[in-house]
There are 2 protein chains.
Amino acid sequence: MPQTKAGATDEIVVQACPVREVLDRVAGKWSILIIVAAARGPVRFTELERSIEGISRRMLTLTLRNLERDGLLTRTVYATVPPRVEYELTDIARELHQSLLSLTGWAQRHRETISAARHAYDAERLAEGR
Amino acid sequence: MPQTKAGATDEIVVQACPVREVLDRVAGKWSILIIVAAARGPVRFTELERSIEGISRRMLTLTLRNLERDGLLTRTVYATVPPRVEYELTDIARELHQSLLSLTGWAQRHRETISAARHAYDAERLAEGR
DNA sequence: CCGTATCCCAGTGGATACTG
DNA sequence: CAGTATCCACTGGGATACGG
């Protein structure tokens with residue numbers, strides 16, 4: 001088991017700050033992408049693998065398990081041959097997805113501004129020889 | 001953004017990209033905490049250091065620089081003795097902070113549910129000897 | 001007061017090969 | 001099809017010490 005993460009952050013920091021709690025749930029490189037990809041309806045493993053560009057088999061599995069563990073995703077196995085597994089968002093995950101929309105809106109509105117700020121900042125440091 | 005063959009699966013990825021962008025900006029252990037802490041008004045370095053429990057001097061500096069670089073934070077140095085530096089959210093950071101509220105709301109509403117789901121999941125694996 | 005500079009380790013995630 | 005198992009590289013971030 002390469003990645004068990006039930007560390008001190010779960011209890012100490014999270015209690016003090018609900019913000020931390022969201023972030024822990026949604027952090028990691030792939031969680032949100034999976035939530036978005038599954039927002040339309042039930043998805044199969046391979047579907048996710050294909051639609052989320054760049055994700056490895058390992059990380060897909062790992063992230064799915066964590067989301068399932070947190071009750072954001074349900075996993076349904078159909079005893080067919082070949083096997084078929086479907087993942088579906090739970091109600092609270094759908095709620096989360098709605099909240100996410102506000103964030104993506106922000107990102108889209110300001111992506112240019114942020115990119116510009118970044119370049120300006122870098123250019124300035126460069127000019128100073130830093 | 002180059003339009004590739006726009007299949008149904010590609011759309012998912014495309015829509016998810018802005019999400020990635022937000023996440024990259026806001027990822028890391030401390031970014032959001034700083035944004036929240038600075039939401040009330042200008043804050044000094046030491047103020048942040050004290051109010052954000054557990055943050056190291058190094059990470060505070062690092063995170064502040066990144067936020068500044070992305071244009072989410074302004075840094076104002078007052079040439080006094082002893083030196084005084086104030087950090088303040090930019091307008092787009094305040095917008096981000098508003099969007100964050102929707103997320104923290106979600107976290108607070110469902111923290112119990114999620115915690116329960118997590119324990120249930122763990123208990124089940126344990127019972128199966130996994 | 002406000003940082004920078006090093007050192008270092010745990011954790012994250014990629015690549016690849018194997019299985020029910 | 002839907003995963004596990006294994007190995008490995010990279011980096012986020014803590015501890016600590018020093019400088020303007």
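Convention: sequence-line order gives letters A, B, ...; per-chain numbering from 1. Scope of the values below: all heavy atoms of this structure, side chains included, with no hydrogens, waters or symmetry mates.
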Between [atom2] of [N] and [atom1] of [X], the distance in whole Å:
| X | N | atom1 | atom2 | result |
| --- | --- | --- | --- | --- |
| A:Glu86 | D:dG3 | CD | C1' | 16 Å |
| A:Leu60 | C:dG13 | CG | P | 13 Å |
| A:Leu48 | D:dC1 | CG | P | 14 Å |
| A:Leu62 | C:dG14 | CG | C1' | 12 Å |
| B:Leu23 | D:dG12 | CG | P | 14 Å |
| B:Arg50 | C:dG3 | CZ | C1' | 16 Å |

By nearest atom, which of the nucleotides [options] is closest to the [X] side chain?
| X | options | answer |
| --- | --- | --- |
| B:Trp30 | D:dT4, D:dG13, D:dG20 | D:dG13 |
| A:Pro82 | D:dC1, D:dA2, C:dG3 | D:dC1 |
| B:Arg75 | C:dC1, D:dA2, C:dG3 | C:dG3 |
| B:Met59 | C:dA15, D:dG13, D:dG20 | D:dG13 |
| B:Phe45 | C:dG3, D:dG14, D:dT6 | C:dG3 |

Describe the nucleic acid contact of [X] in one word from base, sugar-phosphate, nothing, applying a heavy-atom distance below 4.0 Å.
| X | result |
| --- | --- |
| B:Arg44 | sugar-phosphate |
| A:Thr61 | base |
| B:Tyr78 | nothing |
| B:Arg84 | sugar-phosphate |

Distance check: side-chain N/O of [X] vs OP1/OP2 of [N], anything under 4.0 Å?
| X | N | value |
| --- | --- | --- |
| A:Ser56 | C:dA15 | no |
| A:Arg65 | D:dT4 | yes |
| A:Tyr87 | D:dC1 | no |

Might you work through the side chain to side chain contact (heavy atoms under 4.5 Å, CB included) test for A:Phe45 and A:Thr61, ending with a clear yes or no? CA-CA 9 Å; A:Phe45 187 89; A:Thr61 303; 3.7 Å; yes

Specify the residue among B:Arg57 and A:Ile55 whose closest nucleotide of DNA chain C lies further upstream toward the 5′ end. B:Arg57

Determine whether more than 12 heavy atoms belonging to other residues, nucleotides or ligands lie under 6.0 Å from atom CG of B:Asp24. yes

So for atom CG, which belongs to A:Asp122, do other residues, nucleotides or ligands contribute more than 12 heavy atoms lying within a distance under 6.0 Å? yes

Could you go through B:Leu48 and B:Leu64, starting from their C-alpha distance and side-chain angles, then the distance that decides it, and tell me whether this counts as side chain to side chain contact (heavy atoms under 4.5 Å, CB included)? CA-CA 10 Å; B:Leu48 286 169; B:Leu64 285 172; 3.9 Å; yes

Between A:Glu124 and B:Arg69, is the closest basic N to carboxylate O distance under 4.0 Å? no

